[in-house]
Undergrad: 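There's a structure below that I have some questions on.
Quantities reported herein were computed from a predicted structural model and do not represent experimental measurements. Values below: every heavy atom of this structure, side chains too, minus hydrogens, waters and symmetry copies.
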Amino acid sequence: MKKLYMKYKEIFDYAIVGVLTTIIGLIVYYACIWTFADPNNPFLLQVANILSWIVAVTFAYVMSRRYVFHSENENVVREIVQFFIARLATLLLDMGIMFLLVTLLKQNANIAKLISQVAVIVMNYVLSKLFVFKKQ
């Protein structure tokens, strides 16, 4: 088992960070909903959603930098900007897939979200590996 882990360490670590990032995002979202953001208020609902995304992506950056890709890049500001740009790109990918599958093709929204999330997870990893944390 350890041999398998070591062979695919980066991918396993990425998956663990992804699960933790999801949990953090949900905690922040629900904390907002339970404290100040009335989900029946469209503006406050989006505020909660955006705050949870910012906290989750920040957490994902720190954990990815340190534990997944072991970045030693001294230009941290540039790396953070690249990370957020990559995550914004996959947010747009998510929105595009959902629009295509649900709005245009009238597919089930729950199934569409699962399909979208697979694409987003793969693209987040690829962009992180090749664009943000690429080895010099």
Side-chain angles (χ1 to χ4, degrees):
M1 189 71 161
K2 185 177 179 180
K3 189 176 182 180
L4 182 65
Y5 169 74
M6 293 311 290
K7 182 175 181 180
Y8 298 105
K9 182 180 184 324
E10 188 176 88
I11 293 171
F12 281 126
D13 292 348
Y14 179 78
I16 291 166
V17 167
V19 168
L20 293 173
T21 298
T22 301
I23 292 168
I24 296 288
L26 290 172
I27 288 170
V28 172
Y29 173 78
Y30 286 116
C32 291
I33 294 300
W34 293 331
T35 57
F36 74 87
D38 177 0
N40 295 315
N41 179 320
F43 176 76
L44 291 178
L45 180 66
Q46 291 309 315
V47 168
N49 204 35
I50 291 166
L51 284 174
S52 70
W53 184 86
I54 290 169
V55 172
V57 171
T58 302
F59 174 82
Y61 168 74
V62 171
M63 298 301 284
S64 293
R65 176 181 169 80
R66 176 170 259 199
Y67 297 109
V68 178
F69 299 104
H70 309 283
S71 176
E72 295 177 3
N73 187 344
E74 293 179 10
N75 193 343
V76 176
V77 173
R78 182 170 190 246
E79 194 175 73
I80 290 169
V81 169
Q82 289 176 324
F83 191 82
F84 271 81
I85 288 170
R87 292 301 164 110
L88 279 170
T90 58
L91 175 61
L92 293 174
L93 173 67
D94 182 19
M95 293 168 67
I97 291 170
M98 292 301 289
F99 179 77
L100 174 69
L101 293 179
V102 178
T103 305
L104 297 180
L105 300 178
K106 307 296 185 209
Q107 299 300 304
N108 179 285
N110 295 321
I111 303 281
K113 189 62 174 175
L114 291 174
I115 293 167
S116 178
Q117 286 307 289
V118 169
V120 167
I121 289 166
V122 170
M123 284 307 299
N124 278 337
Y125 178 78
V126 169
L127 290 173
S128 290
K129 177 114 178 133
L130 302 178
F131 176 63
V132 180
F133 300 110
K134 63 183 177 278
K135 302 295 182 198
Q136 300 300 335

Undergrad: If I take atom CG from residue Leu20 and atom OH from residue Tyr67, how far apart are they, to the nearest 0.5 angstrom?
TA: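 One finds 11.0 Å between CG of Leu20 and OH of Tyr67.
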Undergrad: Could you point out which residue of Tyr61, Phe131, Phe69 forms a ring pair (Phe, Tyr, Trp, His ring centres under 6.0 Å) with Phe83?
TA: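 One option only clears the test, and that one is Tyr61.
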Undergrad: Start with the C-alpha gap between Leu101 and Lys113, add the side-chain angles, then the distance that decides, and say whether side-chain contact (heavy atoms from CB on, under 4.5 Å) holds.
TA: CA-CA 9 Å; Leu101 293 179; Lys113 189 62 174 175; over 6 Å; no
Undergrad: Given the rule that I, L, V, M, F, W and Y join up when any side-chain heavy atoms are under 4.5 Å apart, are Leu114 and Ile121 in one cluster?
TA: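 No; tracing contacts between hydrophobic side chains, which count when under 4.5 Å, never links both residues.
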Undergrad: Just how far is it from atom CZ of Arg78 to atom CD1 of Ile85, taken to the nearest 0.5 Å?
TA: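 Going from the CZ atom of Arg78 to the CD1 atom of Ile85 covers 9.5 Å.
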Undergrad: Taking Val57 as the starting point, is it possible to reach Leu51 by hopping between hydrophobic residues whose side chains are less than 4.5 Å apart?
TA: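 No, because Leu51 and Val57 fall into different hydrophobic clusters, even though each may have its own neighbours under 4.5 Å.
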Undergrad: In Å and rounded to the nearest 0.5 Å, what is the CG to NZ distance from Leu127 to Lys134?
TA: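 Rounded to the nearest 0.5 Å, the CG-NZ separation comes out at 11.0 Å.
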Undergrad: What's the separation between atom CD1 in Ile97 and atom CG in Asp94, rounded to the nearest 0.5 Å?
TA: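 Ile97 atom CD1 to Asp94 atom CG measures 7.0 Å (nearest 0.5 Å).
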Undergrad: Any side-chain heavy atom of Met63 within less than 4.5 Å of one from Thr21?
TA: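 They are not in side-chain contact.
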Undergrad: Report yes if the side chains of Gln107 and Val102 come closer than 4.5 Å at any heavy-atom pair, otherwise no.
TA: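 Answer no - side chains too far apart.
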Undergrad: Could you check Val76 against Arg65 for side-chain contact (heavy atoms from CB on, under 4.5 Å), going step by step and ending with a plain yes or no?
TA: CA-CA 10 Å; Val76 176; Arg65 176 181 169 80; 3.6 Å; yes
Undergrad: Taking atom types as modelled, is there a side-chain donor on Asp13 or Tyr5 under 3.5 Å from an acceptor on the other?
TA: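 Note: Asp13 and Tyr5 side chains meet the donor-acceptor criterion.
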Undergrad: Would you find more than 12 non-hydrogen atoms of other residues, nucleotides or ligands less than 6.0 Å from Phe12 atom CZ?
TA: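 Atom CZ in Phe12 is crowded, with more than 12 foreign heavy atoms closer than 6.0 Å.
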Undergrad: Using 30° and 60° as the class boundaries, would you call the ring planes of Phe84 and Trp53 parallel, tilted or perpendicular?
TA: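 Judged by the thresholds at 30° and 60°, the geometry between Phe84 and Trp53 is perpendicular.
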Undergrad: Is any side-chain heavy atom of Tyr125 closer than 4.5 Å to a side-chain heavy atom of Ile11?
TA: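 With C-beta onward as the side chain, the pair touches.
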Undergrad: Please table the atom pairs, donor to acceptor, closer than 3.5 Å between any side-chain atom in residues 38-45 and protein atoms at least two apart or in another chain.
TA:
unit_1 : atom_1 : unit_2 : atom_2 : d
Asp38  : OD1    : Asn40  : N      : 2.9
Asn41  : OD1    : Phe43  : N      : 2.9
Asn41  : OD1    : Leu44  : N      : 3.1

Undergrad: Quick one: CG on Asn110 to CD1 on Ile115, what's the gap to the nearest 0.5 Å?
TA: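 With rounding to 0.5 Å, CG (Asn110) is 11.0 Å from CD1 (Ile115).
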